[in-house]
Amino acid sequence: MYQIIAHSKPKKESEHHETVLGAFVTIFIDFKDIDGAYILAKHYIEDEDWEIIELEEEYFIINSIEEMAEDYKKYYDEIFEYGYSLIFNTYDIVEE
């Protein structure tokens, strides 16, 4: 499984467009090769009505639940059931 990080912002049609400025998205993908995992990561983020600002080139290979950050271990079963998991770490619009 791969762990990929993307910086994203909600598209205008997104339910988050008016309330969230952006997010750092952690994507876990159970796929055989990294090139295909990147293609799928882009697809899954865009399918949620988010636009990718930057897709980090660095990625992590996760071979077991012990290698995952503690906050993400609860998604481990979901990743293998559905083939992926997206975790949006959002940041809000700053009001002046």
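Positions are given from 1 along the sequence.
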Side-chain donor-acceptor pairs under 3.5 Å in residues 75-85, sequence neighbours left out?
| from | atom 1 | to | atom 2 | distance (Å) |
| --- | --- | --- | --- | --- |
| Glu78 | OE2 | Ser85 | OG | 2.9 |

Inset, instruction - Mind jotting down which residue pairs meet the side chain to side chain donor-acceptor pair (under 3.5 Å) criterion with at least one end in residues 25-38? Sequence neighbours excluded, please. - result: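 Every side chain to side chain donor-acceptor pair (under 3.5 Å) pair that includes a residue of residues 25-38, provided the two are not neighbours, is Thr26-Tyr72.
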Inset, instruction - For residues 48-64, pull every pair meeting side chain to side chain donor-acceptor pair (under 3.5 Å), keeping only residues two or more places apart or in separate chains. - result: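 Checked against side chain to side chain donor-acceptor pair (under 3.5 Å) - neighbours excluded - the pairs reaching residues 48-64 are Ser64-Glu66.
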Inset, instruction - Using side chain to side chain contact (heavy atoms under 4.5 Å, CB included) as the criterion, list what pairs up with Lys42, not counting sequence neighbours. - result: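 Side chain to side chain contact (heavy atoms under 4.5 Å, CB included) check on Lys42 returns Ile52, Leu55.
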Inset, instruction - State which residues pass side-chain hydrogen bond (donor to acceptor under 3.5 Å, both in side chains) with Lys73; sequence neighbours excluded, sorted by chain then number. - result: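 For Lys73 the side-chain hydrogen bond (donor to acceptor under 3.5 Å, both in side chains) partners, ignoring immediate neighbours, are Glu70.
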Legend entry - Test side-chain hydrogen bond (donor to acceptor under 3.5 Å, both in side chains) applied to His43 - qualifying residues, sequence neighbours left out: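 Counting only residues at least two positions away or on another chain, His43 forms no side-chain hydrogen bond (donor to acceptor under 3.5 Å, both in side chains).
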Inset, instruction - State, yes or no, whether a side-chain contact exists between Ile87 and Asn89 at a heavy-atom distance under 4.5 Å. - result: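 The answer is yes, as the side chains (C-beta and beyond) meet within the 4.5 Å cut-off.
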Legend entry - Pairwise side-chain contact, Ile61 with Tyr2, heavy-atom cut-off 4.5 Å (strictly under):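 Ile61 vs Tyr2: side chains touch.
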Legend entry - Value rounded to 0.5 Å, distance of OG in Ser8 from CZ in Phe24: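 Rounded to the nearest 0.5 Å, the OG-CZ separation comes to 9.5 Å.
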Legend entry - Pairwise distance CZ(Phe28) to CD(Gln3) - rounded to 0.5 angstrom: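 The CD atom of Gln3 is 4.0 Å from CZ of Phe28, to the nearest 0.5 Å.
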Legend entry - For Ile53, the rest of its hydrophobic cluster, which grows through side-chain links under 4.5 angstrom: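 Members other than Ile53 - counting any ILVMFWY side chain reachable under 4.5 Å - there are none.
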Legend entry - Linked hydrophobic residues, Ile39 as query - side chain contacts closer than 4.5 Å: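 Other cluster members: none.
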Inset, instruction - Give a yes or no on whether Phe60 and Ile34 share a hydrophobic cluster (residues Ile, Leu, Val, Met, Phe, Trp, Tyr; joining criterion: side-chain heavy atoms under 4.5 Å apart). - result: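 Unlinked, Phe60 and Ile34 end up in two clusters.
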Inset, instruction - Begin from the C-alpha positions of Ile45 and Ile27 and carry the test side chain to side chain contact (heavy atoms under 4.5 Å, CB included) through to its verdict. - result: CA-CA 9 Å; Ile45 292 170; Ile27 309 112; 3.6 Å; yes
Legend entry - Pairwise salt bridge (Lys or Arg N to Asp or Glu O under 4.0 Å) hits with a residue in residues 5-15, at least two apart: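 Salt bridge (Lys or Arg N to Asp or Glu O under 4.0 Å) check on residues 5-15 returns no pairs.
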